[in-house]
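Here the structure comes first, spelled out in structure tokens, and everything after it is commentary.
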Amino acid sequence: MTGWALLTALALGSGQQAPERVLVDPPESSVSVGGELMLSATVLDGTGAALTGVTVFWITTTPDVVAVDQSGRVTGVGHGEARVGARAGNTVGFARITVLPPPPSELRASLPQPAIPAGFSVPLSVTALDGSGEVMRDAPLTFASADPAVAHVDEAGRIWGRASGQTSVTVSAGPTSTTVSVRVSDALARGGFSLEPSGRNVRTGDVVRFRVAGVEAYPAWSVDRAGAQIGEEGRDGVFVAERPGRYRITALLGESAAATGFITVEQRLDEAELVKVGRGAAAEHHSGDTWVFEGADGRDYAYVGTFMYDWMKVWDVTDPASPVLTDSLQLDARRINDVKIHGSNRIGILTREGASDRRNGIVVLDLSVPSRPTIISEYKRTVPGGVHNVWIEGDLVYAVHNGTSDIHIIDISDPEQPDEVGRWGIESRNKSLHDVIVQDGYAHLSYWDDGVVTLDVGAGTHGGSPTRPTFVSRYKYPVGNTHTAWRAGRYLFVGDEIFPDDWDADRPIEARGYIHVLDFADPTNPVEVAKYEVPEAGAHNIWVEGDRLYVGYYQAGLRVVDISGELRGDLYEQGREIAILKTTDAESTVPNWGMTWGAQIHKGNIFTSDLNSGLWIVKLIEGDRLVS
């Protein structure tokens with residue numbers, strides 16, 4: 001009897017019908033970290049009748065967020081969203097649990113100026129810190145004024161000066177609170193102020209900063225209709241529109257003082273096209289990551305890993321319209337997820353997962369003859385549990401080790417004898433490290449439910465070095481699934497990856513997830529300012545070249561996004577997406593279902609692999625170069 005059959009027999013006993021559905025009650029609920037709640041399950045047969053005496057097994061797919069015992073008691077473990085399942089035989093029903101964060105350990109509050117003129121208002125700046133000193137972005141705050149006749153504070157924390165005098169405002173979050181002294185000065189003479197700029201014409205997605213001229217003020221900003229947004233940033237109102245139209249902007253300085261202006265927004269129109277150049281088709285297995293480079297022989301090559309397969313494919317792409325398969329390198333592995341090439345283009349690194357002896361690690365390649373690479377050495381000693389991704393910086397390989405969920409730093413200056421020279425990892429229960437990239441002296445680690453962590457590995461800002469990283473910052477969002485990151489200028493682009501629980505690589509996968517755009521001007525305090533989200537699809541790997549963002553958006557294909565200028569709001573709704581190519585093919589592991597992996601720019605062409613159909617080579621044609 002199989003394991004599932006045994007469970008079914010134990011759950012049902014003899015003579016009972018098999019479960020058709022399992023209902024969990026309540027289907028949605030919330031609990032605090034450390035708090036408890038009880039769930040119950042009802043098992044139904046095919047007629048909808050409840051089955052009695054059926055054994056239910058309780059499980060959770062997110063043990064870092066909740067724990068559940070076999071009575072259905074759920075305990076909050078960490079902030080986030082979780083799914084708890086009740087299984088009867090082969091049938092599972094789920095409940096969604098939101099775990100609320102614990103109250104902050106410390107609150108810090110400040111005003112932007114020492115006194116508020118009567119009749120004016122200012123925002124109260126509040127920072128909530130947890131027990132480890134990390135910023136809590138969603139702490140529920142309440143505000144109270146000691147004397148509302150002098151200064152009133154609203155639910156958003158804005159203080160409105162009413163009459164000259166002295167009072168205080170208390171900020172609270174659970175048992176934690178702090179108090180700020182507030183001084184209201186005499187009223188200013190009215191008139192003489194205006195909103196600048198006003199009457200401008202811009203496009204959707206263009207960011208405009210408004211300010212009230214003639215007075216030093218911190219207004220409350222608003223826009224008169226849907227389709228645009230405006231937010232406070234110091235004295236500025238930062239405006240961006242997703243839809244065209246004429247918008248009225250209001251800067252409310254106080255309870256009876258305001259300045260208004262208008263702005264006209266036109267639809268953003270950029271003409272571009274992605275054109276297929278060539279294909280390295282692979283229909284007999286799933287493809288993984290791709291890296292393209294010019295070999296020591298002066299020819300161009302694309303190395304493509306494989307998913308649930310043990311080969312790396314070598315394509316000569318010197319003629320991108322006619323790739324030629326020159327070799328297939330076999331390893332003891334169930335997955336060769338990542339391929340990276342050393343800056344000399346004479347050494348390559350393959351990651352390995354699922355080796356038969358459970359000793360995985362990385363494989364170092366000799367690329368003297370790039371059309372037929374050979375193995376120089378393997379490094380397994382400290383990374384036996386599988387390596388998912390790597391990044392090469394100089395002679396150092398930053399390896400994502402599945403076993404420790406740490407970043408392991410491996411020196412390959414002697415490629416025949418690689419050796420670990422550094423290691424770094426967060427302290428977190430059930431941590432999961434997925435990806436790493438090193439740019440401008442910073443390493444960005446995609447830590448799944450723990451967010452994106454930035455380390456100083458030579459930037460010189462926090463005392464770190466390439467082999468002794470130091471912590472800079474962490475940005476975590478509630479849903480988690482932080483999969484990849486890429487820094488470009490002042491922005492850090494961070495991608496989610498969300499698969500359904502029952503996904504199967506040999507069937508269509510309805511992936512989800514999107515790109516979070518973080519303002520990274522201050523690496524110690526990343527701030528999310530925009531997003532790029534294609535409806536009903538899921539983001540994967542990204543690449544930035546110039547002012548273009550290239551995203552392998554799984555079933556939504558290869559997408560190219562204009563990221564010029566300042567970024568705010570919803571980039572997809574703004575029309576910043578300029579070109580799309582679906583990597584679907586009837587001859588693939590899942591016919592006519594594309595799963596675009598990512599993108600790399602090489603000599604004017606875009607190279608990507610598709611999980612189901614292999615290598616694609618395309619070109620972006622813009623503006624005057626468009627084919628008529």
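By the side chain to side chain contact (heavy atoms under 4.5 Å, CB included) test, Thr167 pairs with Ser145, Ala146, Asp147, Val150, Ala151, Val182, sequence neighbours left out. For Arg268, the side chain to side chain contact (heavy atoms under 4.5 Å, CB included) criterion is met by Arg203, Thr204, Asp206, Asp270, Asp562, Ser564, Arg576, not counting sequence neighbours. Qualifying ring-ring contact (aromatic ring centres under 6.0 Å, His included) partners for Tyr475, counting only residues two or more places apart in sequence or in other chains: none. Every residue two or more places apart in sequence or in another chain that forms a side chain to side chain donor-acceptor pair (under 3.5 Å) with His388 is listed here: Glu353, His434. Residues satisfying the ring-ring contact (aromatic ring centres under 6.0 Å, His included) criterion with Tyr247, sequence neighbours excluded, are Phe239. Applying the side chain to side chain contact (heavy atoms under 4.5 Å, CB included) criterion to Pro27, with sequence neighbours excluded, gives Asp25. Partners of Thr98 under the side chain to side chain contact (heavy atoms under 4.5 Å, CB included) rule, at least two apart in sequence or in another chain, are Ser30, Glu81, Leu100. In this view, Tyr398 satisfies the ring-ring contact (aromatic ring centres under 6.0 Å, His included) rule with no residue, not counting sequence neighbours. Applying the ring-ring contact (aromatic ring centres under 6.0 Å, His included) criterion to Tyr554, with sequence neighbours excluded, gives Phe499, His540.
Applying side chain to side chain contact (heavy atoms under 4.5 Å, CB included) to Val22 and the options Leu44, Thr91, Val56 leaves one that passes, Thr91.
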*asked:* Could you go through Leu445 and Leu433, starting from their C-alpha distance and side-chain angles, then the distance that decides it, and tell me whether this counts as side-chain contact (heavy atoms from CB on, under 4.5 Å)?
replied: CA-CA 7 Å; Leu445 280 57; Leu433 178 60; 3.8 Å; yes

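Relative ring orientation between His444 and Phe520 is described as perpendicular, the plane-to-plane angle rising above 60° on a 0-90° scale split at 30° and 60°.
Between the side chains of Asn592 and Thr584, no donor-acceptor pair of N or O atoms lies under 3.5 Å.
The backbone N or O of Trp160 lies less than 3.5 Å from no partner atom in the side chain of Ser121, so there is not a single donor-acceptor pair. With hydrogens and angles ignored, the 3.5 Å screen pairs a side-chain donor or acceptor of Asp69 with a backbone N or O of Gly72. The main-chain N or O of Trp593 is found under 3.5 Å from a side-chain atom of Asn612 such that the two form a donor-acceptor pair. Looking at Glu533, its side chain never comes within 3.5 Å of a backbone N or O of Tyr572 through a donor-acceptor pair.
The salt bridge (Lys or Arg N to Asp or Glu O under 4.0 Å) analysis of residues 506-520, with sequence neighbours excluded, yields the pairs Arg490-Asp519, Glu510-Arg512, Arg512-Glu536. Note on residues 32-48: pairs passing salt bridge (Lys or Arg N to Asp or Glu O under 4.0 Å), not counting sequence neighbours, are Glu36-Arg73.
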Distance-only criterion, 3.5 Å: show the donor-acceptor pairs between side-chain atoms of residues 104-112 and protein atoms not counting sequence neighbours.
from: Ser105; atom 1: OG; to: Gly131; atom 2: N; distance (Å): 3.3
from: Glu106; atom 1: OE2; to: Arg108; atom 2: NE; distance (Å): 3.0

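Under the 4.0 Å criterion applied to side-chain N and carboxylate O atoms, Arg568 and Glu233 are assigned as salt-bridge partners.
To the nearest 0.5 Å, the span separating CZ on Phe307 from OG on Ser287 amounts to 11.5 Å.
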